[in-house]
Number of protein chains: 2
Amino acid sequence: MAAIERLSFNQITVDKWSLREAVEGCLRHGIPSIGIWRHKVQEAGLQASIRIVKDAGIHVSSLCRGGMFAAAGADERRKRMEDNFRAVEDAAALEADVLVLVVGPANGVRLAEARSMVRDGVQELAEYAKARGARLGLEPLHPMFAADRSVLSTLEQALELAAAHEASVVGLIVDVYHVWWDPKLYPLLAKAGNRIFGFHVSDWIVPLPDLLMGRGMMGDGVIEIKNIRETADAAGYSGPIEVEIFNRQIGEMPGDEVLATMVERFQQCV
Amino acid sequence: MAAIERLSFNQITVDKWSLREAVEGCLRHGIPSIGIWRHKVQEAGLQASIRIVKDAGIHVSSLCRGGMFAAAGADERRKRMEDNFRAVEDAAALEADVLVLVVGPANGVRLAEARSMVRDGVQELAEYAKARGARLGLEPLHPMFAADRSVLSTLEQALELAAAHEASVVGLIVDVYHVWWDPKLYPLLAKAGNRIFGFHVSDWIVPLPDLLMGRGMMGDGVIEIKNIRETADAAGYSGPIEVEIFNRQIGEMPGDEVLATMVERFQQCV
């Protein structure tokens, strides 16, 4: 089993909580790390957010998220890049291990063109991140999100994109929900090595209740989580393991109940 | 545009129709080919089905479907293989271009084990098919079906599996709904050449109304259908193009309305 010291609570799992509430929840449940979302930082203010995190002595495993590079007009693309610059600054200020990048859908351009915009966007953002000591994590999203969230759909594609950059600046976020089905998962993980900047867990329920809001708690689905985690570890990853569950029902449960189950399932299934 | 002579109506699109009604619909709308489902053949009886098809002079582009190889017990796997033998016989008797194989989910075994059962199953079925002059079409299904329908999820995986067999016996069914998102789609299609045994079209609506029953009519979504079709053609495919749309709303429309739209959209978008 993965050591509890590696558990990180991705706060979107209990989206109704503010950053302060989420951090306090982690302290109550002995969870040493948190994955923070930008809308929560904006809600609290950046300086207050930094204080909340520092006062709690909690580790920030990630800031979610930048990306969304493709758009039809140059003005819109520039606006998005500016927002990505702000995300990098926030990630650096919060001392997050990584800024998670969801690269975005084609958004009105051809698929091939969108992928090219993503390459250009990551190139520009990587320079900005390097100068500020921040790291970028490319998260391939399940292919069912290719039309509306990410034209980056496989680990192989993400690895190729990351390989064009320094291994200290651009890496991958491996989320088991997005990659478990991939016939090349294990060899690709083994190859990913020091490019793995983050590791996310949840489960795939059968039948799937909803594309976006139907992820399951670890143990409630079919993903061979421990196998995948062990392969990532063997490849050299030893960082935090974030539990990130988009699920309407779980989101409506009392947050402390969610965290208690999360700790239990992490110890059983990860 | 693809010539109308290549249009095939996959009858699941209007599932309420019997085989006879589906064939008569094709005749009324000048559709020269049909993709037939086994439950419709069973409903009419095999001999009657053969007569319906022969009398109409319609081409049978496919029989749907065999597969579902993986299961925990040897008895259950043998039962499934026997059913696959019957499917091969029916495909041969109906002179279908190809028996479509949906290889099935892991179904209680580990993912790697299921894939191995699929390899073994295809091996055994290929010998049976070859002896009867039937062809098998491996259909990679969208990764969102990996847990409940198919552990064969990518064109690359299907090509590798097919390559272990004679090119006259085992090939691929390329369904744009399942493969459009794949970053390696175009190079893989170019490589597939004479292994392309069938080509299916529909569309991916945004947002997706439903995983299984939410496919769109060509032109209603984001799939770059013509690009994909032209690449398959350039690779050497010149056979029928089946319209296969699992969609609750379309299934409830009057069948003739569906066929009229299908002919129109085929000429505009394929």
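In what follows, every chain begins at residue 1, and chains take the letters A, B, ... in the order their sequences are listed.
Surrounding CD of A:Gln249 are at most 12 heavy atoms belonging to other residues, nucleotides or ligands under 6.0 Å away. Annotation: B:Lys226, atom NZ; neighbour count of heavy atoms from other residues, nucleotides and ligands within 6.0 Å does not exceed 12. With a 6.0 Å radius and a threshold of 12 heavy atoms from other residues, nucleotides or ligands, A:Lys16 has its NZ atom above the threshold.
Only the side chain of A:Glu156 comes within contact range of chain B, with at least one heavy atom under 4.5 Å from a heavy atom of that chain. Neither the backbone nor the side chain of B:Asp210 has a heavy atom closer than 4.5 Å to any heavy atom of chain A.
Taking the six-membered ring where tryptophan is involved, the planes of A:Trp181 and B:Trp181 are perpendicular, since the angle between them exceeds 60° and thus also 30°.
Residues of residues 71-79 of chain B having a heavy atom under 4.5 Å from any heavy atom of chain A: none.
Ranked by heavy-atom pairs under 4.5 Å with chain B, the list A:Ala106, A:Pro207, A:Ala146, A:Pro183 is led by A:Pro183. Between chain A and the options B:Gly221, B:Pro105, B:Ala147, heavy-atom pairs under 4.5 Å are most frequent for B:Ala147.
Expressed to the nearest 0.5 Å, how far CG of A:Leu111 lies from CD of B:Glu224 amounts to 5.5 Å. Summarising the geometry, atom CG belonging to A:Asn227 is positioned 4.5 Å from atom CZ belonging to B:Arg110; distances are rounded to the nearest 0.5 Å.
A pairwise comparison of heavy atoms in B:Met144 and A:His142 identifies N-CE1, 3.3 Å as the closest pair.
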